[in-house]
Structures are given as C-alpha cells and as structure tokens.
Q: 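Here's a structure for you.
When a ligand or atom number is given, it counts from 1 through the structure's own listing order.
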Amino acid sequence: MAHNPILIAGGGIGGVTTALALALRQIPVILFEQATEFTDVGAGIQLSPNCSRVLCALGLTQELAEQGFLPQYALFRHWRSGKIISESSLGKSAEEIFGAPYYHIHRSDLLNMLVGAAKAQPLIQLKLNSRIESSEETDAGVRVVVNGETFIGRGLIGADGIHSKVRENLFGKQSPTFTGNVAWRALVPTNSLPKNLIQPAATAWWGPGKHFVHYYVQGGAMVNCVCVVESKTWQEESWSIKGHFADLAAEFANWHPTITTLLKNLDETKLYKWGLFDRPPMNQWSIGKTTLLGDACHPTLPFMAQGAAMAIEDAAVIASCLHQQQDVAAAFLQYEKLRKERTAMIQQLSRRNARVFHLKGIAAWARNRAAKRAGGSTMKKLYGYDALSAVKKAKTGENK
Ligand SMILES: Cc1cc2nc3c(=O)[nH]c(=O)nc-3n(C[C@H](O)[C@H](O)[C@H](O)COP(=O)(O)OP(=O)(O)OC[C@H]3O[C@@H](n4cnc5c(N)ncnc54)[C@H](O)[C@@H]3O)c2cc1C
C-alpha cells in the first residue's frame with residue numbers, strides 16, 4: 001500500500017519502536033532525530049513482559065535472548081540489615097504466566113537492536129541531525145521543514161521526550177517539575193566483585209529518604225546501579241551530568257556491605273547524576289493529525305521501571321489504530337483513548353512509589369509488612385497487559 005509516510009519526531013526507544021511497528025503494518029515512516037547519532041543516556045533498563053511481548057512481535061526475540069539478562073526474581077531488601085522484605089519470581093515463571101520474558105538490558109544494546117532492525121526496513125527512512133521545530137497541518141497531512149527541506153506526512157507523532165517540542169507546539173509551554181529526587185546511574189564490572197555477591201535478581205533496597213536498585217546487564221558482565229536520593233534542589237543546567245564518586249559514597253556510607261562494596265567498584269568514568277522531573281497526566285494528547293507518544297506525553301518516574309515500557313506499548317497500539325483506519329486524526333483519537341487511562345495509572349503509581357520507597361520509622365515498618373502480602377495483583381495489572389491486541393479487546397472491554 002503506497003501512501004504518504006507518517007512522520008516521527010524523536011529517535012529514542014519510543015520513536016524507533018513506533019517506526020518498526022508501523023513498517024510491519026506496511027505503513028511508511030520518516031523518523032527525525034535531532035542528535036548526530038542514536039544514543040540513550042544511562043546504563044540499564046528493565047523490560048517487563050508487557051513490553052518484551054511487543055519487541056518479540058517486532059522480530060527481536062532472538063536478539064533479546066542473546067543480549068538481555070533473564071533475572072530469576074525481584075527482591076525488595078532492607079537498606080541496612082539486608083533482610084528480604086518481599087520476593088517474587090521472574091525468570092521462566094514470569095514467561096509462563098505472562099507469555100513473554102522479563103529482561104534486563106543495556107540501553108545502548110536495546111537501541112542498537114531497534115535501529116538495526118529499522119535500517120533493514122525499506123519502509124523506514126531515518127534522518128539524523130534533524131530537529132523538528134514546528135509543523136503545519138495541511139489538507140494533505142502535516143508539513144515539517146527540517147534543515148531547509150520540506151517533508152509532508154499523513155500525520156506527525158511527537159516521540160521527542162519529556163522536553164517535547166511537538167507537545168509545546170500543540171499545547172503551549174509547560175515546564176516539568178523537579179520531584180525532589182536525584183538518580184545516580186552507574187555500572188560495576190561483575191569481575192571486580194566477590195563471587196555471588198549479586199544475585200540474578202532485580203533488587204531494590206529501601207532506605208529512609210533514598211533507595212538503591214541493581215541488576216545485571218550485558219549478559220551478566222556488568223551490574224547496573226540506580227541510586228535515588230532525595231534532594232531539595234536541582235541547580236544544574238543539564239538534567240544529566242557527571243557525578244562525583246565521593247558524594248555518592250557519602251550518601252550510602254552506612255548502608256549494607258553489599259551496597260558499599262558495589263560502590264567501591266563502580267566505573268567512575270561512567271557515573272551520572274540525573275534530576276528526576278515530572279509532569280501530570282494530560283487530558284488530551286492529539287490535535288488533528290498530530291499526536292504524542294512516550295515521555296513526550298506521559299513522562300513516568302523510574303520507580304516502577306515502566307517509562308520505556310509505556311512508550312513501547314504506545315507504539316504497538318498506535319500502529320494497530322493507523323492500520324485499522326485511513327483517517328489519521330480518527331486513528332490518533334482512538335489511540336489516545338485506548339492509552340490514556342493506563343499510562344496515567346502507571347504515572348500515578350510511580351509517583352506514589354517515590355514516597356513509599358523512602359518512608360522512615362514506623363511508616364517504613366508498616367510498609368514492609370504490607371509488601372509481603374502485595375505483589376501478585378500489581379504484577380498481573382502491569383505485565384499481563386497485551387498492547388498487541390488492545391484495539392481488538394477494547395471492543396469487548398478486556399485488557400484493562
Ligand atoms: C534513572 C531512570 C531509570 C529508568 N529505568 C527504566 C526501566 O528500567 N524501564 C523502563 O521501562 N523505563 C525506565 N525509565 C524510563 C525511560 O528511560 C523513559 O521513559 C524512556 O526512555 C522514554 O523514551 P522516549 O523515546 O519516549 O523518550 P526519549 O528517550 O527522551 O527520546 C526522545 C528522543 O527525541 C529526540 N528529540 C528531542 N527533541 C527532538 C526534536 N524536536 N526533533 C527531533 N528529535 C528530537 C531526543 O534526542 C531523543 O533521542 C527510566 C528512567 C530513568 C530516568
């Protein structure tokens with residue numbers, strides 16, 4: 001089927017996955033990325049079954065299995081004693097229950113995999129060094145001018161991240177809010193650590209005013225660490241800057257020896273600090289033939305490891321909607337309707353976790369007791385969602 005392409009602003013995980021999902025439905029795409037190469041800031045990412053299901057359907061099953069790490073379980077632990085607060089199975093059992101695997105992966109491995117698949121797709125044109133500043137809706141679709149060249153598409157998808165220019169053009173400038181949390185991101189070579197110090201698990205250590213997450217990436221060669229610390233201000237101009245080891249070590253000085261050992265062995269040249277910013281759920285995502293996707297419309301705090309997962313789910317749903325109907329504006333409205341409730345729920349639960357993970361004293365004790373009983377239903381809600389059949393299931397009221 002030959003017709004004008006869909007234009008995508010942004011070549012992050014959300015934009016490139018969307019390009020692939022559309023091409024698989026025989027819809028041509030031009031994707032514009034402002035950077036001179038495809039890169040992702042930060043180290044690891046957790047891919048839960050709700051998004052690995054989509055990636056597998058895009059033909060990436062084999063590459064995910066080769067480059068991802070399959071954690072056996074998820075653990076929450078006490079920051080000082082190391083006591084296990086709650087444990088749930090991942091590994092084979094997650095795949096059996098949810099129909100898709102749970103992986104940990106290095107972000108650049110994931111992005112390279114997606115970009116490699118996109119480059120092999122004749123229906124996808126990837127344009128680097130191409131920043132979209134503005135767009136104009138016409139009878140034929142949407143027109144953008146990039147580096148002096150004009151492109152016309154049937155529609156425009158803004159997958160251009162939390163600072164989205166497409167969002168600003170649609171709905172005006174609204175600055176995101178600093179959440180009072182700073183995330184440090186680091187990698188530790190596994191061969192620098194005592195054997196078996198780190199279990200094959202997604203582990204989160206809860207402490208007063210901070211928490212520490214670690215898991216294996218690069219087939220187990222590296223341990224990815226995300227260390228979140230409360231902070232009243234974030235004064236740096238950039239949201240992501242090099243961090244100083246001494247500052248991070250001081251934050252976790254009196255924590256369990258596993259944490260202090262991890263910190264002693266981290267690769268200081270790859271230590272980054274990242275101010276965590278937030279926006280409330282949006283009432284409206286689309287105007288006419290332009291819509292938003294991923295962090296551009298629902299930036300999600302990392303406390304459920306679901307931000308990229310939501311962008312990947314969006315990609316599958318928007319591709320189904322555009323496949324089903326020729327009218328782009330109607331397809332975008334259908335997509336928005338199908339995705340708004342779920343992404344808002346995840347945004348809000350992630351925000352809540354920002355408080356819950358950092359509780360102190362008696363409140364922390366009560367949380368730990370409750371955590372033992374919770375888990376199963378949240379996992380079902382998160383990981384059981386099937387974005388591939390969301391359009392079909394919406395008719396019968398399933399998949400909520
Ligand atoms: C510490 C931390 C840990 C996280 N861990 C997880 C996790 O384990 N699992 C998970 O699912 N999520 C996680 N997330 C969230 C996840 O990283 C994001 O939700 C996800 O990367 C968003 O992808 P995106 O493609 O929507 O946006 P982005 O990754 O921000 O990509 C946007 C792209 O658009 C480009 N761009 C911007 N403006 C323009 C323009 N005007 N024209 C052209 N190009 C443009 C940018 O250069 C960029 O490449 C984490 C986040 C943080 C901060």
Side-chain angles (χ1 to χ4, degrees), residues 7-19 30-52 54-55 71 74 102-107 110-111 114-115 126-135 144 146-147 156-169 176 179 181-186 202 204 211-215 217 224-229 239-240 272-279 292-315 343 346-347 350 354 382-383:
L7 309 179
I8 299 177
I13 293 168
V16 185
T17 309
T18 304
I30 307 178
L31 181 148
F32 302 91
E33 166 56 45
Q34 65 181 3
T36 50
E37 54 182 333
F38 290 98
T39 50
D40 201 331
V41 185
I45 191 155
Q46 308 197 48
L47 296 176
S48 48
N50 47 313
C51 68
S52 71
V54 174
L55 298 175
Y102 195 115
Y103 283 122
H104 294 156
I105 194 163
H106 196 285
R107 280 170 181 262
L110 174 63
L111 199 59
L114 291 166
V115 171
L126 299 174
K127 304 231 169 252
L128 286 169
N129 203 8
S130 301
R131 179 173 164 80
I132 292 194
E133 288 293 350
S134 60
S135 62
V144 299
V146 183
N147 300 333
L156 169 66
I157 301 173
D160 47 346
I162 189 170
H163 306 282
S164 175
K165 192 72 192 164
V166 177
R167 173 182 175 136
E168 185 184 318
N169 292 341
T179 59
N181 287 283
V182 171
W184 295 71
R185 301 160 109 180
H211 75 277
F212 196 111
V213 176
H214 57 74
Y215 51 84
V217 291
N224 178 65
C225 301
V226 181
C227 332
V228 179
V229 176
W239 289 10
S240 159
Y272 291 94
K273 262 189 340 180
W274 183 282
L276 294 178
F277 286 70
D278 196 15
R279 293 179 189 272
L292 301 171
L293 180 144
D295 275 13
C297 54
H298 46 71
T300 305
L301 292 174
F303 306 128
M304 294 179 87
Q306 284 294 316
M310 289 304 108
I312 293 168
E313 288 182 3
D314 285 349
T343 52
I346 306 275
Q347 277 183 289
S350 301
L382 288 182
Y383 309 156

Q: Pull out every atom of ligand 1 sitting under 4.0 Å from any heavy atom of R131, numbered as shown with elements.
A: 38 (N), 39 (C), 40 (C), 41 (N), 42 (N), 43 (C)
Q: Within this structure, what is the CG-CG distance for the pair L128 and L31, rounded to the nearest 0.5 Å?
A: 8.5 Å
Q: Give a yes or no on whether the backbone of Q46 and the side-chain of N224 come within a donor-acceptor separation of less than 3.5 Å.
A: no
Q: Does the side chain of L55 reach to within under 4.5 Å of the side chain of Y103, using non-hydrogen atoms?
A: no
Q: For atom 41 (N) of ligand 1, which protein heavy atom lies nearest, and how many Å away is it?
A: I132 O, 2.9 Å
Q: Hey, is ligand 1 close enough to A309 that some N/O pair sits below 3.5 Å?
A: yes
Q: Heavy-atom distance under 4.5 Å between the side chains of P302 and V226, does that happen here?
A: no
Q: Would you indicate whether the side-chain heavy atoms of R131 and N147 approach each other to under 4.5 Å?
A: no
Q: Give yes if a backbone or side-chain nitrogen or oxygen of K165 is under 3.5 Å from a nitrogen or oxygen of ligand 1, and no if not.
A: no
Q: Any salt bridge (Lys or Arg N to Asp or Glu O under 4.0 Å) pairs touching residues 41-50, not counting sequence neighbours?
A: none
Q: Provide, to 0.1 Å, the distance between atom 23 (O) of ligand 1 and the closest protein heavy atom, together with that atom's residue and name.
A: G14 N, 4.2 Å
Q: Where the side chain of R107 meets the backbone of G44, is there a donor-acceptor pair that is under 3.5 Å apart?
A: yes
Q: So, does M310 sit close enough to ligand 1 that a heavy atom of it is under 4.0 Å from the ligand?
A: no
Q: Using distance alone, determine whether R185 and ligand 1 share an N or O pair under 3.5 Å.
A: no
Q: Is there at least one pair of N or O atoms, one from G307 and one from ligand 1, spaced under 3.5 Å apart?
A: yes
Q: Ignoring hydrogens and geometry, is there a side-chain-to-backbone donor-acceptor pair from R279 to I162 under 3.5 Å?
A: yes
Q: Please state which part of S48 comes within less than 4.0 Å of ligand 1, counting heavy atoms only: side chain, backbone, both or neither.
A: neither
Q: Would you find a donor on one side and an acceptor on the other, under 3.5 Å apart, between the side chain of D160 and the backbone of A296?
A: no
Q: Could you tell me whether a side-chain N or O of N181 sits under 3.5 Å from a main-chain N or O of L276, the two making a donor and an acceptor?
A: no
Q: Polar-atom distance check: W274 versus ligand 1, any N or O pair below 3.5 Å?
A: no
Q: Does ligand 1 have an atom that lies less than 4.0 angstrom from a heavy atom of T300?
A: no
Q: Please report which non-hydrogen protein atom sits nearest to atom 48 (C) of ligand 1, along with the residue it belongs to and the distance in Å to one decimal place.
A: E33 OE1, 3.5 Å
Q: Hey, does S52 have a side-chain heavy atom less than 4.5 Å from the side chain of Y102?
A: no
Q: Hey, does D314 have a side-chain heavy atom less than 4.5 Å from the side chain of T343?
A: yes
Q: What is the closest protein heavy atom to atom 3 (C) of ligand 1, and at what distance does it sit?
A: P302 CB, 3.5 Å
Q: Does A35 come within less than 4.0 Å of ligand 1, judged by its heavy atoms?
A: no
Q: If you define the side chain from C-beta out and look only at heavy atoms, does anything of N169 sit under 4.5 Å from I132?
A: no
Q: Which of the numbered atoms in ligand 1 are below 4.0 angstrom from a heavy atom of F32?
A: 43 (C), 44 (N)
Q: Do me a favour and list the nearest non-hydrogen protein atom to atom 34 (O) of ligand 1 with residue, atom name and distance?
A: G10 CA, 3.2 Å
Q: Any donor and acceptor pair, going by atom type alone, linking the side chain of Q347 with main-chain N or O of P299 inside 3.5 Å?
A: yes
Q: Please report whether ligand 1 has a polar contact with A305, defined as an N or O pair separated by less than 3.5 Å (distance criterion only).
A: yes
Q: Would you confirm whether Y215, through its side chain, and I45, through its main-chain N or O, come within 3.5 Å as a donor-acceptor pair?
A: yes
Q: Hey, is ligand 1 close enough to A311 that some N/O pair sits below 3.5 Å?
A: no
Q: List ligand 1 atoms under 4.0 Å from G161, heavy atoms only on the residue side.
A: 27 (O), 30 (O), 32 (C)
Q: Under 4.0 Å from a heavy atom of A159: which atoms of ligand 1 are those, numbered in the order shown and with their elements?
A: 32 (C), 33 (C), 34 (O)
Q: Once you restrict to heavy atoms under 4.0 Å, what part of S130 touches ligand 1? Side chain, backbone, both or neither.
A: backbone
Q: Name the option, out of R167, M304, R107, that contains the heavy atom nearest to atom 13 (C) of ligand 1.
A: R107
Q: Check each atom of ligand 1 against the heavy atoms of I13 and keep those under 4.0 Å away; list them by number with element.
A: 25 (O)
Q: Among all the protein's non-hydrogen atoms, which is closest to atom 37 (C) of ligand 1, and how far away is it?
A: D160 O, 3.3 Å
Q: Which atoms from ligand 1 have a heavy atom of G12 less than 4.0 Å away?
A: 25 (O), 31 (O), 33 (C), 49 (O)
Q: State whether the side chain of T18 and the backbone N or O of V16 hold a donor-acceptor pair below 3.5 Å, judged by distance alone.
A: no
Q: Would you mind finding which of A308, G294, S134 brings a heavy atom closest to atom 20 (C) of ligand 1?
A: A308
Q: Polar-atom distance check: D295 versus ligand 1, any N or O pair below 3.5 Å?
A: yes
Q: Would you say ligand 1 has an N or O under 3.5 Å from any N or O of A183?
A: no
